Trainee: 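Encoded as structure tokens, here's the structure I'll be asking about.
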Amino acid sequence: MSVLPIGTVMKLTDLTARQIRYYEQQDLIKPVRNEGNRRMYSLNDVDRLLEIKDYLDDGLNISGIKEVYKKQEQLEDERKKNLQKGLTDSDVRKILQDEFMNIGGLKPPSSTFDNPNNFHKFNE
DNA sequence: CTTCTCACA
DNA sequence: TGTGAGAA
């Protein structure tokens with residue numbers, strides 16, 4: 001995946017080598033090293049660097065950007081946990097929607113409980 | 001020639 | 001974050 005040397009990344013992102021290495025120190029990107037200790041970047045690294053530049057323009061500082069990715073990972077972890085429980089994203093959305101309807105005292109769609117498949121989702 | 005690390009009149 | 005030194 002990682003095949004771009006820092007020189008190429010500099011041109012692609014319009015960032016200085018100093019900045020690119022600094023963002024790595026802040027754990028915002030994780031390039032791999034080749035046999036000559038040279039940093040090799042992936043296109044995902046380039047995308048992230050571009051993102052970082054945007055966040056910086058929006059007035060966000062390094063620690064602020066760190067927290068953005070931190071919460072992003074947290075949401076990603078929960079998505080995986082639900083997946084392990086056999087729930088897809090659309091399942092979760094449907095459950096949440098049905099719960100809101102019930103709270104509002106509205107009659108849930110007949111299809112929701114008619115399907116025995118959905119039944120034990122509410123009993124686990 | 002390119003990149004790396006380290007240090008700072 | 002810039003920049004220059006010395007090595008790889």
Side-chain angles (χ1 to χ4, degrees):
Chain A
M1 281 226 102
S2 306
V3 293
L4 312 175
I6 198 169
T8 301
V9 177
M10 288 175 67
K11 295 171 183 174
L12 261 37
T13 63
D14 194 47
L15 291 170
T16 66
R18 183 79 162 84
Q19 291 174 305
I20 296 172
R21 298 187 186 115
Y22 176 68
Y23 300 150
E24 177 187 353
Q25 278 196 311
Q26 303 306 309
D27 295 306
L28 265 35
I29 52 176
K30 35 199 171 340
V32 299
R33 299 299 187 102
N34 64 13
E35 42 302 323
N37 196 38
R38 263 73 208 286
R39 275 171 261 251
M40 300 301 275
Y41 303 82
S42 66
L43 293 178
N44 288 324
D45 291 326
V46 175
D47 283 340
R48 172 160 290 198
L49 285 170
L50 259 17
E51 265 184 44
I52 293 172
K53 201 165 59 157
D54 287 336
Y55 284 135
L56 254 26
D57 287 332
D58 289 339
L60 211 57
N61 55 43
I62 301 296
S63 54
I65 297 175
K66 281 188 183 179
E67 300 191 13
V68 169
Y69 290 134
K70 190 174 183 180
K71 288 190 176 181
Q72 211 165 77
E73 291 177 26
Q74 287 178 19
L75 292 176
E76 189 61 17
D77 286 344
E78 304 214 356
R79 187 186 64 76
K80 289 183 178 178
K81 285 186 178 179
N82 284 328
L83 229 62
Q84 294 181 77
K85 292 168 64 179
L87 297 173
T88 68
D89 286 345
S90 60
D91 283 336
V92 174
R93 277 193 284 279
K94 183 173 181 56
I95 292 174
L96 253 38
Q97 182 188 327
D98 289 348
E99 285 180 353
F100 282 137
M101 293 185 82
N102 285 327
I103 291 175
L106 298 173
K107 185 166 89 55
S110 57
S111 62
T112 302
F113 296 108
D114 284 353
N115 188 327
N117 203 327
N118 285 329
F119 209 76
H120 51 277
K121 285 179 185 173
F122 292 89
N123 292 323
E124 53 176 326

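A, B, ... follow the sequence lines: proteins, then strands. Residue 1 opens every chain. Remember, predicted model here, so these are calculated numbers, not experimental data.
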Trainee: State whether A:Y23 places a side-chain N or O below 4.0 Å from either non-bridging phosphate oxygen (OP1 or OP2) of C:dT1.
Mentor: yes
Trainee: Take atom CE of A:M40 and atom C1' of B:dT2, then tell me their distance rounded to the nearest Å.
Mentor: 12 Å
Trainee: C:dT1, OP1 or OP2 - any side-chain N/O from A:T16 closer than 4.0 Å?
Mentor: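 Result: no.
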Trainee: Rounded to the Å, how far apart are A:N37 CG and B:dC6 P?
Mentor: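 Roughly 10 Å, once rounded to whole Å.
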Trainee: Using OP1 and OP2 only, check whether a side-chain N or O of A:R21 sits under 4.0 Å from B:dC4.
Mentor: yes
Trainee: If you draw the axis of the six-membered ring of A:Y69, does the NZ or CZ of A:R48 fall within 45° of it and under 6.0 Å from the ring centre?
Mentor: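 Pair A:R48/A:Y69 counts as cation-pi.
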Trainee: Under a 3.5 Å cut-off for both contacts, is C:dA8 paired Watson-Crick or G-U wobble with anything, and if yes, with which nucleotide?
Mentor: B:dT2
Trainee: Take atom CG in A:D14; do more than 12 heavy atoms of anything else shown fall under 6.0 Å from it?
Mentor: no
Trainee: A:R18 side chain N/O closer than 4.0 Å to the phosphate oxygens (OP1, OP2) of B:dA7?
Mentor: no
Trainee: Would you mind reading off the distance between A:R38 atom CZ and B:dT2 atom C1', rounded to a whole angstrom?
Mentor: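 In whole Å, B:dT2 C1' and A:R38 CZ are 5 Å from each other.
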Trainee: Hey, does the side chain of A:D98 reach the backbone of A:I95 with a donor-acceptor pair shorter than 3.5 angstrom?
Mentor: no
Trainee: Tell me the interatomic distance from A:L49, atom CG, to C:dT1, atom P, rounded to whole angstroms.
Mentor: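 Going from CG in A:L49 over to P in C:dT1 covers 11 Å.
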Trainee: Over how many whole Å does the gap from A:N34 atom CG to B:dC4 atom C1' extend?
Mentor: 11 Å
Trainee: What is the distance, rounded to the nearest whole Å, between atom CD1 of A:I52 and atom P of C:dT1?
Mentor: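 Taking atom P of C:dT1 as the reference, CD1 of A:I52 is at 10 Å.
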Trainee: Take the protein atom CE of A:M10 and the nucleotide atom P of B:dC4, then report the distance between them rounded to whole Å.
Mentor: 10 Å
Trainee: So, A:N61 side chain and A:S63 main chain: donor-acceptor pair closer than 3.5 Å or not?
Mentor: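 A pair under 3.5 Å: yes.
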Trainee: Can you tell me the distance, in whole Å, between the CD atom of A:E35 and the P atom of C:dA8?
Mentor: 17 Å
